[in-house]
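See structure below.
All heavy atoms count here, side chains included; hydrogens, waters and symmetry mates do not. Quick note on labels: first sequence line is chain A, next is B, and so on, each numbered from 1. Keep in mind that this is a model prediction, so the values were computed, not measured.
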Amino acid sequence: MRSPAKLGSSAVSLLRAATESIMKTSVTGPVRVRFAPSPTGFLHVGGARTAIYNELLRENLGGSFILRIEDTDAQRSDAAMIEQICSGLRWIGVQWDEGPFLQSDGLERHQQAAQQLLEQGKAFRCFRTSEEIEAARSQAQAKGETLRYRDFFAPPSADEEAQRLAAKEPFVVRFRCSDDSLHFSDLVRGEVEFPAGSLDDFVILRSDGSPTYHLSVVCDDVEMRVTHVIRGDDHLSNTPKHVDLFRALGAPVPVFVHLPLILGSDKKRLSKRTGATSVEEFRDQGFLPQALYNALGLLGWSPGGDREIMSRKEMVELFTVERINSSAAIFDRDKLSWLNAQYMSSLSLEEVAKYASPFLAPLGLDGLEGESRQRLMAALELHRSRAKTLEELGPMLVPYFQEELVYVVESCQKFLSQESLPGHLEALAARFAALEEFSPEALEQELRQLSEAVEVKAGVLIHPTRMALTASKKGPSLFELVATMGREATGRHLANFVGFLGREGSS
RNA sequence: GGCGCGUUCGUCUAGGGGUCCAGGACGCCGGCCUCUCACGCCGGUAACACGGGUUCGAAUCCCGUACGCGCUACCA
């Protein structure tokens, strides 16, 4: 057992026996969890995964999932950015119960908390400038020492404080941190302990009176009665500060779940340099939300079996925080592509069509009705297993509706060198046109009969016909293709292609 | 520098002292299917970071080292 902490080995095996058949967790609900992104203008995939684990825990144990926007830095936030995060979450399928709340709305409450700490002597006013502290710090560092504020600067005396206050000197409020060792339980890391003296008196109120992040998160987590703090690994080192604050505020300390970071292919923190970083980008590149959810959910968490394709519902059933990995993971786009292809093939046709629609619109394939609509759906069915993304799917459907295709001479060399081919294709077109039933079976029979009559292999007719209809060497089974294309377009494309062969062949 | 966290195939992972000369998936390579492509199916490639312990036995437990990442702000 990775956590909680170290148990005796007999206790471990007992626990294992109990959890073997059914995935159990030591965590009991109902829980109150929260996802607290900063409004950066997009939903980062790392954030999306954090949100997913938040929701999995809530779904699994019951309780509430609170969405809170960490907009302490006023510059960074506006309504559009907040909406962006919400729509990103909605798209990927994460549902929250409360919010979105804005952290900035708690400003007064945060300031009150600082005031309370001040009155209780758990915080003090610091009149030193950051330059002054910085200078002392670099001086100490030059001597190879680490400077802690609290070892170098004494808080001002009551007299001095009153004097400076009267003189309206600017000050920050610093939290008087504990000098004991601080430990907390983290469901991913186990018991984490920070030795005595590893904290310093940190700022909780800036000189302009605004609360810093540390104060705000703790106040809000207290206010919202958060039981489990699920967040990125990068906050692990900040956690002792938070624990100290929770205690000072007289509030229960929540359980922590620190998620390992998602890395780019360069093993660095996922950034723009290595490709897409936001869920919106993946959406725009033609990935299905189900696939992204699946990929993200299984990045850093595994139910233990061989499962690779799992729906949100299945994850909810099997999810336990204890099985979240503790090491950082590189996001693998190839695997996402594979997953996406799996979902494109297995989802209902209607659903794929729904998600494909934004990619079809620019190609003029939207708003089709009646027979055209039916043709589009049939074509979609024929091509869905051939595309890895919705973006790739669009161009494959165009030939079914385009008036005239553009053939590339280089790809048609083989056909151009066959003198008798145009005649054969005309014969084939005539046979197709005369067909009563435009079905794959009938079409195939017709083509094979012709190939026998003119004494060529079926492939000699099949390949140029595919080229004629799609301007491509690749594609679905020819007879399915022709049947879906329909009598009219088939005849038109075939005639055009014969014309093309005539023009290019003679020149 | 200090403190914290991490390290199993290229990538995601299974693994919890013997059943592991390490299993699955993606990728890659080869084959089958076949009118092409894709899907699917079959096969192959490839890893316990290093060094010490503990133990009859270590991927698994302990200690170091290396490397990576995070924090060390009046950013979040």
Side-chain angles (χ1 to χ4, degrees), chain A residues 1-2 6 9 12-13 16 36-38 40 70-73 76 103 126 129-130 133-134 137 140-141 144-148 170-174 186 188-189 192-195 197-200 202-214 216-217 232-241 258 260-261 263 265 267-269 295 298-309 325-339 341-342 345 382-388 396 444 447 457-463 465-467 470 472-479 481:
Chain A
M1 282 277 137
R2 187 162 265 131
K6 326 281 177 235
S9 64
V12 169
S13 45
R16 300 211 78 215
S38 12
T40 48
E70 219 96 302
D71 64 340
T72 306
D73 198 347
R76 288 212 235 178
Q103 185 155 72
C126 165
T129 63
S130 40
I133 296 168
E134 201 37 60
R137 190 166 280 145
Q141 224 154 55
E145 292 162 5
T146 12
L147 172 130
R148 280 207 315 160
F171 64 89
V172 298
V173 175
R174 296 187 103 98
D186 186 298
V188 173
R189 315 279 157 185
V192 183
E193 181 158 349
F194 285 73
S198 48
L199 284 191
D200 197 1
F202 57 94
V203 175
I204 53 175
L205 231 47
R206 301 187 186 94
S207 48
D208 66 358
S210 65
T212 60
Y213 164 76
H214 300 301
S216 298
V217 227
D233 207 29
D234 44 346
H235 287 297
L236 191 66
S237 302
N238 287 146
T239 307
K241 291 180 191 162
H258 284 103
L261 262 23
L263 271 26
S265 47
K267 297 201 176 204
K268 296 264 164 63
R269 229 173 147 135
L298 252 31
L299 187 68
W301 173 76
S302 156
D306 286 345
R307 302 294 307 280
E308 303 290 344
I309 299 172
N325 267 163
S326 52
S327 53
I330 294 171
F331 188 68
D332 187 3
R333 284 187 68 90
D334 285 339
K335 196 152 183 176
L336 205 221
S337 286
W338 172 78
L339 267 171
Q342 296 294 315
S345 296
L382 230 40
H383 290 271
R384 64 202 294 209
S385 69
R386 272 164 253 265
K388 290 219 182 274
M396 294 178 178
E444 176 158 16
L447 184 140
K457 284 189 189 169
V460 172
L461 299 177
I462 287 172
H463 299 301
T465 305
R466 176 177 293 109
M467 177 58 77
T470 63
S472 166
K473 289 179 175 175
K474 307 186 285 188
S477 159
L478 184 77
F479 308 108
L481 169 65

Any strand, both distances under 3.5 Å, Watson-Crick or G-U wobble: B/A14 pairs with none
Practice prompt. Determine the Euclidean distance between corresponding P atoms of B/U19 and B/C33; express it in Å to zero decimal places.
Written response: 40 Å
Once you apply a heavy-atom cut-off of 4.0 Å, does A/Arg137 come out as touching a base, just sugar-phosphate, or nothing? sugar-phosphate
Exercise. At under 4.0 Å between heavy atoms, what does A/Gly300 touch on the DNA or RNA strands: base, sugar-phosphate, or nothing?
Worked result: sugar-phosphate
B/S/- along nucleotides 33-47 of chain B (protein heavy atoms under 4.0 Å) is --BBBBSS-------
Sorted by position of nearest nucleotide on RNA chain B, 5' first, the leading residue of A/Leu236 and A/Ser207 is A/Leu236
* Asked: Are A/Arg148 and B/U72 close enough that a side-chain N or O sits under 4.0 Å from OP1 or OP2?
  -> no
Any donor-acceptor pair under 3.5 Å from A/Thr239 side chain to A/Leu236 backbone: yes
Residues passing the salt bridge (charged side-chain N to carboxylate O under 4.0 Å, His left out) test with A/Asp200, sequence neighbours excluded, are none
Q. Under 3.5 Å, side chain of A/Ser302 to main-chain N/O of A/Leu298, donor-acceptor pair present?
A. no
Next item on the list: Would you classify A/His258 as touching base, sugar-phosphate or nothing, given that sugar-phosphate means primed atoms plus P, OP1 and OP2, and contacts are heavy atoms under 4.0 Å?
Entry: nothing
pair_partner(B/C74), Watson-Crick or wobble, both distances < 3.5 Å, evaluates to none
Of the candidates B/G4, B/A76, B/C69, the side chain of A/Phe194 sits closest to B/G4
Query - Spacing of the C1' atoms in B/G16 and B/U11 (rounded, Å) - result: 24 Å
query: At under 4.0 Å between heavy atoms, what does A/Val172 touch on the DNA or RNA strands: base, sugar-phosphate, or nothing?
result: base
_With a cut-off of less than 4.0 Å, is there a side-chain N or O of A/Asn325 near OP1 or OP2 of B/U13?_
yes
Using a 4.0 Å heavy-atom cut-off, does A/His235 contact any base of the nucleic acid, only the sugar-phosphate backbone, or nothing at all? base
Pairing partner of B/C35, by Watson-Crick or G-U wobble and under 3.5 Å for both distances, is none
With respect to the phosphate group of B/G10, does any side-chain polar atom (N or O) of A/Lys267 fall under 4.0 Å of OP1 or OP2?
no
Pairing partner of B/U55, by Watson-Crick or G-U wobble and under 3.5 Å for both distances, is none
Picking from B/C5, B/U13, B/C74, the nucleotide nearest the side-chain atoms of A/Ser302 would be B/U13
Check your understanding: How would you label the contact of A/Lys457 with the nucleic acid (heavy atoms, under 4.0 Å): base, sugar-phosphate, or nothing?
Key -> nothing
The nucleotide from B/G24, B/G4, B/U72 with an atom nearest the side chain of A/Asn238 is B/U72
The side chain to side chain donor-acceptor pair (under 3.5 Å) partners of A/Thr212 (sequence neighbours excluded) come to none
By side-chain contact (heavy atoms from CB on, under 4.5 Å), A/Asp332 pairs with (sequence neighbours left out) A/Asp334, A/Lys335
By nearest-heavy-atom nucleotide on RNA chain B, the more 5' of A/Leu263 and A/Ser327 is A/Ser327
Which of B/U11, B/U13, B/C3 is nearest the side chain of A/Asp332? It is B/U11
The side chain to side chain donor-acceptor pair (under 3.5 Å) partners of A/Arg384 (sequence neighbours excluded) come to A/Glu381
From the candidates B/C74, B/G70, B/C5, the one with an atom nearest any side-chain atom of A/Asp234 is B/G70
- Query: Looking only at atom P, what distance separates B/A22 and B/C50, rounded to whole Å?
  - Reply: 15 Å
Across all chains, not counting sequence neighbours, the side chain to side chain donor-acceptor pair (under 3.5 Å) partners of A/Glu444 are A/Arg448
Using Watson-Crick geometry (N1-N3 plus N6-O4 or O6-N4) or G-U wobble (N1-O2, O6-N3), each under 3.5 Å, B/U65 is paired with B/A49
Any strand, both distances under 3.5 Å, Watson-Crick or G-U wobble: B/U19 pairs with none
